[in-house]
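The next block holds one structure in the form of structure tokens; read it before the comments.
On a predicted model such as this, the values are computed, not experimentally measured, just so you know.
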Amino acid sequence: MHLLGHIRPSRHHTQLFTKSLEASSSATFSSFGASKGSGPMLNRKLGCQGFGASVAAMTSFPPQRYHYFLVLDFEATCDKPQIHPQEIIEFPILKLNGRTMEIESTFHTYVQPVVHPQLTPFCTELTGIIQDMVDGQPTLSQVLERVDEWMAKEGLLDPSVKSIFVTCGDWDLKLMLPGQCEYLGLQVADYFKQWINLKKAYSFAIGTWPKNGLLDMNKGMSLQHIGRPHSGIASAISTLCGCIAMR
């Protein structure tokens with residue numbers, strides 16, 4: 001499956017998106033965390049499918065405020081009517097070099113819910129995540145410790161390194177993570193408290209608000225959604241495509 005090879009960003013979108021990042025003071029960006037073995041596999045897929053060629057085709061990269069963009073997209077427990085509290089069950093981050101637009105590292109893990117440990121049929125149908133994928137996985141508390149270790153290993157906690165999370169909307173880092181952490185009595189690290197909301201950046205660059213999120217943004221930029229909708233890792237990759245296409 002071609003992941004990123006179809007991206008052909010215009011110079012117009014490149015200039016506008018750079019301005020939109022400067023204008024978005026409360027935005028969201030995210031990094032992919034890598035479960036055992038998933039990072040190298042993802043990078044191989046991206047490399048084999050023309051990601052490097054797509055980046056090379058962009059002849060002009062405006063200077064960036066950040067050294068790294070961390071692309072993030074959670075999946076959480078859900079049902080109809082909605083269950084409370086919702087709990088994160090997939091936690092992906094992509095570390096994107098702000099100069100080269102290359103993925104340098106990934107973080108990805110599934111998460112064991114503790115309040116409602118059994119996934120509902122609705123949740124599995126929506127996200128594609130089955131019970132076996134979360135059983136025995138680390139809890140959110142353990143995942144946050146691993147994220148911090150990964151951030152340190154990648155040099156992202158160095159005060160001289162500027163990084164920011166990128167998300168498609170404010171839900172992930174304004175509502176979902178803080179809400180679950182408050183319920184469980186966990187601290188939210190400071191690096192999760194500012195982000196680039198790609199919806200705002202898209203609206204600034206294109207002139208219309210993407211009511212349906214990634215689907216509208218992909219359509220507006222003639223991009224094909226990668227993977228399954230409501231898959232955290234797939235949505236993060238699609239968010240990454242949007243970032244590059246508008247850059």
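Contact record, Cys78 with Leu126: SG-CD2, 3.8 Å, taken as the closest heavy-atom pair. Nearest heavy-atom pair across Gly169 and Asn197 is N-OD1, 3.0 Å. Closest approach of Leu198 and Cys168 over heavy atoms only: CB-CA, 4.4 Å. Contact record, Met176 with Ala76: SD-CB, 4.0 Å, taken as the closest heavy-atom pair. Between Pro178 and Val188, the closest heavy-atom pair is CA-CG2, 4.1 Å.
Side-chain atoms of Val111 and Glu87, non-hydrogen and from C-beta on, never get closer than 4.5 Å to each other. At a threshold of 4.5 Å between non-hydrogen side-chain atoms, the residues Tyr110 and Glu75 do not count as touching. At least one side-chain heavy atom of Phe192 sits under 4.5 Å from a side-chain heavy atom of Leu177. In this structure, the side chains of Ile89 and Cys123 come closer than 4.5 Å at one or more pairs of heavy atoms. Contact annotation: the side chain of Gln112 approaches that of Asp135 to within less than 4.5 Å [non-hydrogen atoms, C-beta and beyond]. Residues Pro85 and His116 have side chains in contact (heavy-atom distance under 4.5 Å, counting atoms from C-beta outward). Here the side chains of Arg146 and Phe91 are not in contact, with every heavy-atom distance at 4.5 Å or above.
For the atom pair Leu173 CG and Lys193 NZ, the distance stands at 12.0 Å (nearest 0.5 Å). Rounding to the nearest 0.5 angstrom, the gap separating the CG atom in Leu186 from the CD atom in Gln180 is 8.0 Å. Separation of atoms CD (Glu90) and CD1 (Ile129) is listed at 4.5 Å; rounding is to 0.5 Å. One distance of note links CG of Asp73 with CH2 of Trp171; it measures 8.0 Å at 0.5 Å rounding. The distance from the CG atom of Leu96 to the OH atom of Tyr68 is 10.0 Å, given to the nearest 0.5 Å. To the nearest 0.5 Å, atoms OG1 (Thr139) and CG (Leu184) are separated by 8.5 Å.
A distance-only check finds no donor-acceptor pair linking the side chain of Thr77 to the backbone of Gln86 [under 3.5 Å]. In this structure, the side chain of Gln131 engages the main chain of Pro117 through a donor-acceptor pair within 3.5 Å. For the pair Gln137 (side chain) and Thr109 (backbone), a donor-acceptor distance under 3.5 Å is absent.
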Residues Tyr183, Leu140; criterion side chain to side chain contact (heavy atoms under 4.5 Å, CB included); working and verdict: CA-CA 12 Å; Tyr183 186 91; Leu140 180 62; over 6 Å; no
Stepwise side chain to side chain contact (heavy atoms under 4.5 Å, CB included) test for Ser141 and Val114: CA-CA 11 Å; Ser141 176; Val114 295; over 6 Å; no
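In summary, of the residues considered (Lys95, Lys153, Glu154), a side chain to side chain donor-acceptor pair (under 3.5 Å) with Ser105 occurs for Glu154 alone.
Note: the hydrophobic cluster containing Ile88 does not contain Ile83 (ILVMFWY, side chain heavy atoms under 4.5 Å, direct or indirect links).
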Pairs of donor and acceptor atoms involving the side chains of residues 157-166, under 3.5 Å and at least two apart or interchain, shall be tabulated with distances.
unit_1: Asp158; atom_1: OD1; unit_2: Ser160; atom_2: N; d: 2.9
unit_1: Asp158; atom_1: OD1; unit_2: Ser160; atom_2: OG; d: 2.9
unit_1: Asp158; atom_1: OD2; unit_2: Ser160; atom_2: OG; d: 3.4

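Other residues, nucleotides and ligands contribute only 12 or fewer heavy atoms inside 6.0 Å of the CD atom of Gln187. Within 6.0 Å of CZ on Phe122 lie more than 12 heavy atoms contributed by other residues, nucleotides or ligands.
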